[in-house]
Amino acid sequence: MATAIAWRLFWRELKRGELWVIAFALFLAVFSVVSLSGITQSVKSALEQRSAHFIAADRVLGSSQPFDEQIFALAAESGIASARQMQFDSMLFSSAQMQLSTVKAVSNSYPLRGDLILQRSDNLLTGEAGELVPGTIWLEPRLFDLLQVEVGQSLELGNTQLLVGGVIVNEPDAPLSVFGGNPRAIMHIDDVAASGIVQPGSRISYRYLFAGSNSELDAFSQAVTPLLTVHQRWRDRDRQSALGSALDRAERFLLLAGLLGIVLAACAAAVAASRYSQRHSQAVAIIKALGATTQQVRVIYFGHLLLVVLFSLVLGLAVGQVALTGAELGIKHYVGDFRPEFSWRPLWLGALTCVLCALLFAARPLLRLTVTPAIQVLKQPLQQMTIDRLQLLTGAAAVFGLMWLFAGDWFISLGLFLICAVFVAILLGGAMLLVKAAKPVAAGQSSAGKLALANLRRRLWANSFQLITFTLALFLALLLYFVRAELIGQWQQQIPPGAPNHFLVNVSEAQRSTLADFAAEHQLQTDTFYPVVRGRLVQLNDEVFREEATKEDRSEQRTGIGRELNLTWLTELPPANKVIAGTWFGSDATAEVSVEQELVERLGLKLGDTLHFSIGGQAVTAQLTSIRQVDWNSLQPNFYMILSPDLLADFPASYITAFYLESERYQLVNQLSRLMPTVTVISVEAIIRQVQDIIAQVTLALSFILIIIALSAVLVLVAQVQATLEQREQELAILRTLGARYAFLRNALLLEFTFLGILAGIFATVLAEVLLLTLQQRLFELPFSPHYALWWLGPLAGAVIVSLLGWWQLRKLLRIPGAVLIRRVIQS
Amino acid sequence: MAKRVNLTEGSLTILHDISLTINRGESVAIVGASGSGKSTLLSLLAGLDQPTAGEVYLAGQPLHQLSEDQRAAVRASQVGFVFQSFLLLPALTALENVTLPAELAGDRRARSRGLELLALVGLSERADFYPSQLSGGEQQRVAIARAFITRPAILFADEPSANLDAVTGQRIEDLLFELNQQQGTTLVLVTHSDALAKRCQRQLKMQAGRFITEEQ
């Protein structure tokens with residue numbers, strides 16, 4: 001019977017609007033979680049899919065040993081697409097010339113991600129689209145000049161002859177190294193055997209490319225990893241790249257934003273549940289007086305909660321899913337081949353959030369409600385919303401639980417939770433101080449302003465919780481708005497308009513003047529010329545390294561030894577570099593070297609070490625006097641080792657420089673290649689465009705999250721004002737009876753909310769500024785710079801938003817005729 | 001029995017050594033000024049609250065020894081209430097308000113009995129109306145119908161006509177006594193009104209938590 005009553009009361013309460021606030025708060029929690037988690041995942045997955053273009057696959061397994069067919073068989077069984085790729089350096093011979101080139105041999109299914117664009121032409125601007133078929137080879141533009149070959153002519157590679165198919169316009173996984181390396185060519189993997197290139201001991205890099213859904217790939221890599229030999233290794237996407245770094249930053253920020261949304265929704269749920277309980281204490285007393293046991297009352301009211309949870313859950317999941325689908329369509333707009341992947345995670349996360357919110361925020365007030373004694377039926381119902389310690393404790397536990405659930409990281413959750421706790425403590429202290437300060441001002445009630453102040457003071461004292469949630473809501477909205485602006489600004493700064501998008505590598509001393517003339521003729525602004533000398537590190541202090549480590553003991557040798565290094569000499573510290581240990585050498589320094597931090601760690605170097613290089617057969621010795629941190633995202637030429645000018649100035653060097661070229665003047669690159677065939681032109685235009693696209697996508701996602709946070713903030717404010725409705729109704733009835741006029745009451749109400757808004761705005765501003773400055777220093781590593789706009793925007797937004805919301809909700813109450821209001825109050 | 005409450009300023013005695021027996025089928029009025037302790041006495045008699053000292057027996061049950069839930073069970077089977085401010089649940093219709101105590105007691109024929117009682121109080125046509133759609137008098141008639149649905153042995157009425165105008169109040173009083181007579185219920189009535197009190201067989205006058213006079 002009690003369940004029937006619970007069901008009937010639930011629908012009636014829902015229809016009467018009694019349960020809407022709590023239902024909406026829970027809905028909001030589910031919706032925020034589903035959409036935020038889903039969208040975060042989608043954006044992440046879009047970014048990952050985008051970055052997959054840079055490796056031509058979703059996952060890549062690299063190996064120095066020939067392909068293991070068992071792995072491909074396993075992939076086929078798991079329904080995962082695969083492709084093969086081999087890469088080796090070899091001489092290409094034309095009838096006129098020969099050239100050492102890097103040849104990539106690929107299977108038909110290459111690339112699994114991104115596009116391989118080939119054109120039947122010797123330049124990038126003309127020609128029909130071509131296709132990689134056995135018997136053909138496709139060349140980088142400069143190879144046509146270097147080999148003096150034309151489309152349709154044949155090239156010799158090992159024992160085989162291949163026809164030149166045309167030019168490589170886009171190779172998705174081409175290495176992005178400003179040091180270029182050999183010119184590149186692509187051939188079909190079926191021709192490799194005939195070439196006889198693969199011999200025992202040949203240096204060939206084998207790559208297994210895989211593509212599929214994340215879940216399939218995860219399962220597959222778990223199955224494959226135990227089978228791998230020491231020669232096979234999963235190659236992660238390059239986390240050091242500008243793209244990887246942008247991805248990390250976006251992920252961290254979206255996560256943070258998600259957490260903030262949940263805290264707000266949780267607040268709304270807590271407020272709504274407390275209000276619901278407070279409003280129903282009389283009903284419980286009546287039911288108990290009529291003979292209901294506590295057990296029956298629990299069935300009725302927890303039945304309500306269960307039904308509200310189910311109702312909000314279903315609605316939240318459905319609407320969240322719709323928002324997610326909309327967002328996925330939006331992402332598709334940017335990433336044409338974006339493949340949304342269905343994931344249960346946002347759904348169970350949403351469901352768990354809803355249940356957690358309901359249990360830890362709403363259950364406690366409901367439990368208190370169900371123990372309302374029957375005698376309450378003869379007493380005046382309490383109008384004040386009260387919060388007990390246990391509720392605060394369960395609420396705090398819920399917030400922490402949700403943070404952990406959503407962040408999946410103890411450190412972040414604990415940090416954020418402690419910050420929130422400190423904020424709440426500061427706010428409570430601030431609110432209480434203000435109560436004391438407002439007391440003398442609020443004495444007497446002769447004007448609307450004084451009544452507003454008196455109301456504010458009374459409500460602040462009784463309900464500092466309201467100020468805290470207003471502040472929290474404003475704080476989150478302000479924080480997100482400014483962090484978003486900061487983040488976008490920082491990203492844009494990383495690739496400012498007009499940043500060099502073409503690098504020229506291997507420029508000889510003699511070519512510098514030709515290049516200068518070319519630049520002047522075409523009004524190109526060339527960057528600094530960085531000299532490059534190739535050398536080998538052969539000895540560290542007394543430890544002599546072998547010239548070439550054998551395969552057997554290669555693993556024992558320090559990583560990075562034995563390879564040729566690009567060395568430079570400079571007197572000025574390059575812009576994207578920071579000395580973190582030692583001192584940068586001046587122009588008159590002798591025999592000094594500065595090494596990049598990661599290389600220092602890899603080689604186990606320390607300041608004062610003596611490094612011996614072999615450059616063109618000559619020995620050069622330098623002392624390590626500084627260690628540099630290098631921003632590899634800067635898209636500037638960066639060096640691991642910089643030597644003092646006295647050591648290298650006399651060696652013949654080649655130069656690296658960079659310039660910015662608008663896409664419509666791209667043909668200049670071809671002209672330049674013809675003018676100086678030995679110079680390598682590397683365009684980073686594609687990667688810059690991709691990073692800019694990602695910034696646009698993330699900005700869009702952030703705007704969406706900002707809207708959700710703002711919506712959550714508004715809802716918390718609404719829930720808060722709603723929670724005081726009964727009390728206000730009663731006060732208005734008294735004031736009306738005492739003859740207060742409409743204009744007076746309206747002004748008092750507006751002023752009360754304006755004061756409250758300004759107060760909350762000031763609190764929110766201070767807190768937001770503190771956190772922004774902390775984030776600025778710690779997370780974004782930016783110089784200290786206060787946010788002046790925040791200081792007027794915060795209080796103004798607080799005043800306007802809070803007063804408008806208060807007015808919007810209470811205007812109807814003000815218009816109710818005094819007699820009706822009094823009757824309503826008496827009846828309730 | 002006695003009732004004391006502890007306040008921050010000290011202890012306040014609301015009822016002083018009250019001794020009272022109400023027989024089956026009797027109608028008793030408790031009268032007195034505001035603050036005299038009438039409502040507190042009613043709450044103890046009905047088992048809504050516990051006395052600080054003394055014993056309360058209702059239909060042979062020692063209410064002073066029972067837990068809140070055990071007292072609720074006694075109320076469900078023995079007691080009906082009519083309150084000054086009607087105390088209907090706003091989310092339920094008139095009929096559902098009437099049937100609520102019977103449903104809580106698990107009575108499967110609650111609906112038909114509810115309709116009968118609504119007809120008795122002249123509100124058959126208002127069965128599906130919500131309290132907010134009813135006048136004060138109509139709401140109190142619904143409350144009276146609710147009070148009788150479980151065929152209680154004893155009915156407690158707390159100022160049943162105080163919130164109504166004179167004419168409506170008179171009608172409600174008539175209805176209450178009429179139904180009480182029909183159902184053979186014991187009636188305990190708390191009121192300010194001497195006229196209403198006089199309609200009961202016994203009148204107990206209270207002042208400062210004590211009976212000062214008793215009239216038959």
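Residue numbers begin at 1 in each chain, while the letters A, B, ... track the order of the sequences. Side chains included, hydrogens not; waters and symmetry mates left out as well; all remaining heavy atoms used.
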If you take all heavy atoms of [X] and [Y], which pair is closest and at what distance?
X: B:Arg75; Y: A:Ala374; value: NH2-CB, 3.5 Å
X: B:Ala72; Y: A:Ala292; value: CB-O, 3.4 Å
X: B:Phe83; Y: A:Ala289; value: CZ-CB, 4.3 Å
X: B:Leu87; Y: A:Ile286; value: O-CD1, 3.4 Å
X: B:Glu103; Y: A:Ile5; value: CB-CD1, 4.0 Å

Any chance you could measure [X], atom [atom1], to [Y], atom [atom2], to the nearest 0.5 Å?
X: B:Leu89; Y: A:Arg8; atom1: CG; atom2: CZ; value: 10.5 Å
X: A:Leu9; Y: B:Glu96; atom1: CG; atom2: CD; value: 8.0 Å
X: A:Ile375; Y: B:Leu42; atom1: CD1; atom2: CG; value: 8.5 Å

Got more than 12 heavy atoms from elsewhere within 6.0 Å of [atom1], [X]?
X: B:Gln133; atom1: CD; result: yes
X: B:Glu125; atom1: CD; result: no
X: B:Arg151; atom1: CZ; result: no
X: B:Arg171; atom1: CZ; result: no

Under 4.5 Å from any heavy atom of chain A - which part of [X]:
X: B:Thr150; value: neither
X: B:Arg146; value: side chain
X: B:Pro90; value: both

Donor-acceptor pair, side chain of A:Gln296 and main chain of B:Leu104, under 3.5 angstrom: yes
Is there a donor-acceptor pair closer than 3.5 Å between any side-chain N or O of B:Asp69 and the backbone N or O of A:Thr293? no
Sequence neighbours left out, what pairs pass salt bridge (charged side-chain N to carboxylate O under 4.0 Å, His left out) with at least one residue falling in residues 32-50 of chain B? B:Lys3-B:Asp49
In sequence, state the C-alpha distance, the side-chain angles, and the governing distance for A:Val371 and B:Glu68, and then conclude on side-chain contact (heavy atoms from CB on, under 4.5 Å). CA-CA 10 Å; A:Val371 294; B:Glu68 170 93 27; over 6 Å; no
